[in-house]
Amino acid sequence: MTRSDHLLTELAAATMTEGATAYGLIEDAAIAVVGGQIAWVGPRAQRPAVFADLPETALGGRLVTPALIDCHTHVVFGGDRAREFEMRLNGASYEEVSRAGGGIISTVAATRGASEAELLAQALPRVDAMLAEGLGTIEVKSGYGLNREAELAMLRVARRIEDHRPVRIVTTYLGAHATPPEYSGRVDAYLEEICIPTMHAAHAEGLIDAVDGFCEGIAFSPAQIARVFDAAKALGLPVKLHAEQLSNLGGAQLAASYGALSADHIEYLDAAGVAAMAAAGTVAVLLPGAFYTLRETQLPPVDALRRHGVPMALATDCNPGTSPLTSPLLTLNMGCTLFRMTPEEALTGMTRHAARALGLTDRGTIAAGQRADLAVWSVQHPAELAYRIGFNPLHSRIFGGSL
Ligand code: DI6
Ligand code: FE
């Protein structure tokens, strides 16, 4: 037994496992942590004798959940877009903002202009805000470099976050996020000459866990995304897609046909898309921060997803343009208030279903064999986590078994 082996007691455990009780809740529970993993969880009175010698950590009746998982972020990027936000609120049109150097291309320029050390320094405060609200795993996408050098830099920086903070990073290659200015009007050439070769280079460096794209009128067509997905599949990499955010191009169906881990945004998803996702087991990743920031009115088809048993995850989509959001708790609240998810669906969306959206089976619930990444909250009931606005009841985080 190592120093961090212990028995957590005086707690209620929202295990988030599928079962008889809402939230998989166990009142007066105990959790045995051995070797950085959960060895046992159950009612305290039933704890096996084999854990009797473990040092006890009493949590004062608090609620323990799995550490939260943010399965869709763009947390590494250069600069910010606050001025653009201000310009728009002073009446500037999208075109005027664009001409003043705003929009996604301004973030590409700032990202290319930053060193890896600068990108890391800018990302860490955002990560810290998330960790302060109980996060244990963050997915980070590339996609603001859009050339070989800058895409690789973004992915390396994402990986390096793990060296500086107690958090697990999952990286996603999003070369098909936008076409850079130097390839304006030559989208296919960008894919052929930059996007796909960079995917190969990043994969060779071990920098990619999955491949994503942005399927939209203003980004890439389904046929172009299919080329990116074919390249990913040839490398054995799982895929996911920004789909049906602003219009319905059938992106989610395309993603499902590739067995995608997730289709994300999906405000404009239709019945055929829901059915395709259900059949493929593709997770619906809902992003209320972008919905809110864009003042979108088309709601994702939550009822249909529910009826078809499509697992729903929730994420911040933290990015400088459409979702400058670094609060997992506000994301839970927005999932409920804006999308009418239940608090249990919202919390499942940032734990068990978020893990599934990343293709991970070792986290997202409190169960024997899972990593001991936990969040301890000073609340009475799990619904409080989604209910409050701008209040952080995190007591502590347990990461790999250590408090
Ligand atoms: N969907 C979005 O809303 C953002 N990217 C994406 O794939 C926009 C990113 C930005 O404006 O910086
Ligand atoms: Fe996104």
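All values reported here derive from a predicted model rather than from experimental measurement. For the numbers below, each heavy atom of this structure counts, side chains included, while hydrogens, waters and symmetry mates do not.
A pairwise comparison of heavy atoms in L135 and A67 identifies C-CB, 4.3 Å as the closest pair. Pairing each heavy atom of L119 with each of T111, the nearest pair is CD2-CG2, 4.1 Å. The nearest pair of heavy atoms linking P288 to L338 is O-CD1, 3.9 Å. In this structure, G217 and L249 approach most closely via the heavy-atom pair N-CD1, 3.7 Å. Residues A278 and H308 share a closest heavy-atom pair of CB-O, 3.6 Å. Summarising the geometry of V33 relative to A372, their closest heavy-atom pair is CG1-CB, 3.8 Å, with the distance given to 0.1 Å.
Residues H381 and Y23 place their aromatic rings such that the two centres sit under 6.0 Å apart.
Within the 4.5 Å cutoff, side-chain heavy atoms of Q245 are placed close to those of F214. A heavy-atom distance below 4.5 Å is found between the side chains of L191 and F220. At least one side-chain heavy atom of P43 sits under 4.5 Å from a side-chain heavy atom of I26. Two residues are said to be in side-chain contact when any heavy atoms from C-beta on lie closer than 4.5 Å; I225 and V239 fail this criterion. P66 has its side chain within reach of I366: a pair of non-hydrogen atoms, C-beta onward, lies under 4.5 Å apart. Within the 4.5 Å cutoff, the side chain of L269 has heavy atoms near those of the L305 side chain. At a threshold of 4.5 Å between non-hydrogen side-chain atoms, the residues V228 and M199 count as touching. With contacts defined as side-chain heavy-atom distances shorter than 4.5 Å, the pair V76/Y144 does not qualify.
Surrounding CD of E193 are more than 12 heavy atoms belonging to other residues, nucleotides or ligands, all under 6.0 Å away. Summarising the local packing, CZ of R340 is surrounded by 12 or fewer heavy atoms from other residues, nucleotides or ligands at distances under 6.0 Å. Atom CZ of R148 sits in a sparse spot, with 12 or fewer heavy atoms from other residues, nucleotides or ligands closer than 6.0 Å. Heavy-atom contacts from other residues, nucleotides or ligands closer than 6.0 Å to OH of Y183 number more than 12.
Cation-pi geometry between R126 and F77 is met: under 6.0 angstrom from the ring centre, within 45 degrees of the axis.
In terms of the side-chain hydrogen bond (donor to acceptor under 3.5 Å, both in side chains) criterion, T361 has no residue partners (sequence neighbours excluded). Here E116 pairs with A153, R156, V157, R160 under the side chain to side chain contact (heavy atoms under 4.5 Å, CB included) rule; sequence neighbours left out.
Side chain of T316 to backbone of S323: no donor-acceptor contact under 3.5 angstrom is found. In this structure, the side chain of Q224 engages the main chain of S221 through a donor-acceptor pair within 3.5 Å. Proximity of a side-chain donor or acceptor of E244 to a complementary backbone N or O of H265 within less than 3.5 Å is not detected. A donor-acceptor contact shorter than 3.5 Å is absent between the side chain of E267 and the backbone of L299. In this structure, R227 contributes its side chain and I196 its backbone to no donor-acceptor pair below 3.5 Å. In this structure, the side chain of D80 does not engage the main chain of P320 through any donor-acceptor pair within 3.5 Å. When atom types are taken as modelled, the side chain of E96 and the backbone of S93 share a donor-acceptor pair closer than 3.5 angstrom. No donor-acceptor pair closer than 3.5 Å links the side chain of T171 to the backbone N or O of L155. For N333 (side chain) and A386 (main-chain N/O), a donor-acceptor pair under 3.5 Å exists by modelled atom type. No donor-acceptor distance shorter than 3.5 angstrom exists from the side chain of R356 to the backbone of A313, with no hydrogens or angles considered.
Donor-acceptor pairing under 3.5 Å is recorded for the side chains of E296 and Y268. Looking only at atom types and distance, the side chain of D264 has no donor-acceptor partner in the side chain of H242 under 3.5 Å away. No hydrogens or angles considered: a donor-acceptor pair under 3.5 Å links the side chains of S378 and R62.
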Would L325 and T293 count as a side chain to side chain contact (heavy atoms under 4.5 Å, CB included) here? Give the steps. CA-CA 9 Å; L325 171 62; T293 302; over 6 Å; no

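Remark: of the listed residues T331, L329, I138, L68, I138 is the sole one forming a side-chain contact (heavy atoms from CB on, under 4.5 Å) with M130. When each of E151, E149, E182 is tested with R112 by the rule salt bridge (charged side-chain N to carboxylate O under 4.0 Å, His left out), just one qualifies, namely E182.
The list of side-chain hydrogen bond (donor to acceptor under 3.5 Å, both in side chains) pairs with a residue in residues 382-403, not counting sequence neighbours, is empty.
Ionic pairing of K141 and D317 is not present here: no N-O contact between side-chain nitrogen and carboxylate oxygen is shorter than 4.0 angstrom. Salt bridge present: R47 and E56 bring a charged side-chain N and a carboxylate O closer than 4.0 Å. Electrostatic pairing of R306 and D303 counts as a salt bridge here, judged by a charged N lying under 4.0 Å from a carboxylate O.
We find the OG1-CD1 distance between T351 and I69 to be 7.0 Å, quoted to the nearest 0.5 Å.
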